[in-house]
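Computation of the quantities below employed the complete heavy-atom set of this structure, encompassing side-chain atoms and omitting hydrogens, waters and symmetry-equivalent molecules.
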Amino acid sequence: MKNKKIYIAGHKGMVGAAIWRNLHKNGYQNLIGLSSKELDLRNQKSVLDFFNAERPDIVIDAAARVGGILANNNYPYQFLMENMLIQNNLIDAALQWDVEKFIFLGSSCIYPKLAEQPLKEDCLLTSSLEPTNEWYAIAKITGVKACEAIRKQFNRDFVSLMPTNLYGPFDNFDLQTSHVLPAMIRKFEDAKINNHAPVTLWGSGTPLREFLFVDDLAEAVTFALENNLGDHLYNVGTGKDLTIKELALLIQKVVGHNGPIHWDASKPDGTPRKLMDVSKLKEKGWRYSTELEEGIAITYQWFLDNKTNFKQVKI
Ligand SMILES: NC(=O)c1ccc[n+]([C@@H]2O[C@H](COP(=O)([O-])OP(=O)(O)OC[C@H]3O[C@@H](n4cnc5c(N)ncnc54)[C@H](OP(=O)(O)O)[C@@H]3O)[C@@H](O)[C@H]2O)c1
């Protein structure tokens, strides 16, 4: 198993890099990855040529165009079409070239906005999506369905993992396009070094959210790689949530900011609550290990160490 050729698509992203680190740590020696400049996954011919040349045994799809509410709202076509192109080209090439295992990564936004909480895998497609990220969600749902169809029709081990909100090293700290947790780390740090100036945060602070440290997600991917999970779709999270206000206070404490926090209620809140039911993967034997405060502290330290070297966001 440790000598299998494993292609990690998106290996330089936050998730792909964590998966690479985890597989490497666990003794996998035959890992391959290419940047989007070296292989544009939107181009089907390039993807098929790459599979023909490299013949990976296993493919992990951590490549995607990702972003927060603002980016989703401003670039709906890119979020829909680029994600479908990337995943369709990978899934179809993996089918054609007899890849033995394919792990597709989506996100909890595939589930309906008002589905019963905590979100179970079988609430998929039972009612409407959260409008602020439906473009991205619809693309991801088609990826889940493609993997399910391949399992059903060809009996191949194509599995989808749906992580909750992730954070950690290599996260996106660009305030225009980032998710809530890295955005807060940056805002509190900037305010701290500006004499503990007030920090303004989006929304009411009341929505409930769940967060998973990205290295824990990488553990779950390795677990999925090493075990035949038996079904096509599994949630990955902690199963615990907190309000955005509680998250802000935790980050403020870790960063050491002492100024006031203002809530800009004119900005959208998004889904009122988003908590994953993670019992399906837990029954298979996987559980998270990093508590939120510890993960935030590691991420904050990474932020400080890499402040001059953040990723350039394409949009
Ligand atoms: N971040 C989260 O909170 C979160 C939560 C749940 C699920 N996920 C899932 O995890 C996956 C990865 O997310 P992430 O946070 O790691 O994103 P990320 O840091 O932005 O990384 C995305 C990766 O995709 C690659 N990519 C994008 N467009 C490409 C293209 N046209 N051709 C080739 N590669 C391309 C990028 O490569 P280059 O850098 O070379 O351009 C980059 O390595 C996504 O499927 C996402 O849904 C993320």
Side-chain angles (χ1 to χ4, degrees), residues 13-15 17-18 66-74 107-109 130 132-133 163-217 237-238 240-275 288 290-315:
M14 175 175 76
V15 170
V66 307
I69 294 177
L70 194 66
N72 264 269
N73 195 47
N74 291 347
S107 113
S108 59
C109 69
E130 157 63 41
T132 49
N133 57 21
T164 187
N165 302 300
L166 300 170
Y167 67 97
F170 296 96
D171 210 335
N172 171 14
F173 291 90
D174 175 333
L175 291 179
Q176 289 300 309
T177 52
S178 56
H179 290 127
V180 58
L181 193 151
M184 281 190 188
I185 290 181
R186 179 153 193 182
K187 284 185 174 183
F188 280 116
E189 173 65 11
D190 288 352
K192 181 178 118 176
I193 56 182
N194 189 18
N195 273 330
H196 297 272
V199 166
T200 300
L201 299 173
W202 276 31
S204 65
T206 55
L208 286 151
R209 290 289 183 276
E210 176 188 10
F211 298 92
L212 180 72
F213 189 49
V214 72
D215 287 31
D216 285 12
L217 185 254
T238 63
K240 295 195 288 193
D241 58 3
L242 79 173
T243 66
I244 292 296
K245 243 176 208 162
E246 288 167 332
L247 176 71
L249 294 174
L250 198 56
I251 294 176
Q252 187 182 35
K253 180 177 138 197
V254 170
V255 171
H257 170 261
N258 299 323
I261 301 174
H262 299 312
W263 293 93
D264 179 359
S266 69
K267 293 288 196 304
D269 265 343
T271 308
R273 187 180 189 205
K274 203 150 74 175
L275 178 65
Y288 82 101
T290 310
E291 293 300 342
L292 188 55
E293 188 164 348
E294 182 191 350
I296 290 172
I298 297 170
T299 308
Y300 176 52
Q301 191 54 52
W302 186 90
F303 169 83
L304 293 178
D305 294 343
N306 293 276
K307 248 180 147 178
T308 51
N309 195 24
F310 286 144
K311 74 167 82 162
Q312 293 297 308
V313 177
K314 277 179 278 183
I315 291 179

A.B. asks: Are H179 and N165 packed together at the side-chain level, in the sense that at least one heavy-atom pair is separated by less than 4.5 angstrom?
C.D. replies: no
A.B. asks: Report yes if some heavy atom in the side chain of L208 is under 4.5 Å from a heavy atom in the side chain of L275; otherwise report no.
C.D. replies: no
A.B. asks: Hey, does the side chain of D171 reach the backbone of Y167 with a donor-acceptor pair shorter than 3.5 angstrom?
C.D. replies: no
A.B. asks: I need the minimum non-hydrogen distance between V214 and G168, along with the two atoms involved.
C.D. replies: CG1-CA, 4.0 Å
A.B. asks: Could you report the tightest heavy-atom contact between T238 and E210, atom names first, then the distance?
C.D. replies: N-OE2, 2.7 Å
A.B. asks: Going by atom types alone, do S178 and N172 pair a side-chain donor with an acceptor below 3.5 Å?
C.D. replies: no
A.B. asks: Does the side chain of T200 reach to within under 4.5 Å of the side chain of W263, using non-hydrogen atoms?
C.D. replies: no
A.B. asks: Roughly how far, to the nearest 0.5 Å, is the CG atom of N258 from the CG atom of N195?
C.D. replies: 11.5 Å
A.B. asks: Can you tell me how far apart OG (S107) and CG (L166) are? Round to the nearest 0.5 Å.
C.D. replies: 8.5 Å
A.B. asks: CG of D215 to OG1 of T290: how many Å apart, nearest 0.5 Å?
C.D. replies: 7.0 Å
A.B. asks: Check whether any side-chain heavy atom of R209 sits under 4.5 Å from a side-chain heavy atom of L247, and report yes or no.
C.D. replies: no
A.B. asks: With ring centroids as reference points, do F213 and Y288 lie under 6.0 angstrom apart?
C.D. replies: no
A.B. asks: Taking all non-hydrogen atoms of both residues, which atom of A191 and which atom of V199 are closest, and how far apart?
C.D. replies: CB-CG2, 3.4 Å
A.B. asks: To the nearest 0.5 Å, what is the distance between CD on Q301 and CG on L304?
C.D. replies: 5.5 Å
A.B. asks: Using the salt bridge (charged side-chain N to carboxylate O under 4.0 Å, His left out) criterion, which residues pair with D264? Sequence neighbours excluded.
C.D. replies: K267
A.B. asks: Do K274 and P207 make a side-chain contact, defined as non-hydrogen atoms from C-beta onward lying under 4.5 Å apart?
C.D. replies: no
A.B. asks: Measure from the side-chain N and O atoms of E246 to the backbone N and O of T243, and report whether any donor-acceptor pair falls under 3.5 Å.
C.D. replies: yes
A.B. asks: Counting only N and O atoms by type, is there a donor-acceptor contact under 3.5 Å from the side chain of Q252 to the main-chain atoms of M184?
C.D. replies: no
A.B. asks: Decide side-chain contact (heavy atoms from CB on, under 4.5 Å) for V254 and E293; before the verdict, give the C-alpha distance in whole Å, the side-chain angles of both, and the deciding distance to 0.1 Å.
C.D. replies: CA-CA 8 Å; V254 170; E293 188 164 348; 4.2 Å; yes
A.B. asks: Write down the atom of Y300, the atom of K192, and the distance for their closest heavy-atom approach.
C.D. replies: OH-NZ, 3.4 Å
A.B. asks: What are the two closest non-hydrogen atoms of A248 and F188, and how far apart are they?
C.D. replies: O-CE1, 3.6 Å
A.B. asks: Decide yes or no for D269 and T206: does some side-chain heavy atom of the first lie under 4.5 Å from some side-chain heavy atom of the second?
C.D. replies: yes
A.B. asks: Out of curiosity, L242 CG to I244 CD1, how far, rounded to the nearest 0.5 Å?
C.D. replies: 7.0 Å
A.B. asks: Quick check for you: to the nearest 0.5 Å, what is the distance between H257 atom NE2 and I185 atom CD1?
C.D. replies: 14.0 Å
A.B. asks: Within a strict 4.5 Å, meaning less than it, do heavy atoms of the T132 and N73 side chains meet?
C.D. replies: no
A.B. asks: According to ring pair (Phe, Tyr, Trp, His ring centres under 6.0 Å), who are the partners of F211, at least two apart in sequence or on a separate chain?
C.D. replies: none
A.B. asks: Measure the shortest side-chain to side-chain distance between F173 and T299 over non-hydrogen atoms and say whether it is less than 4.5 angstrom.
C.D. replies: yes
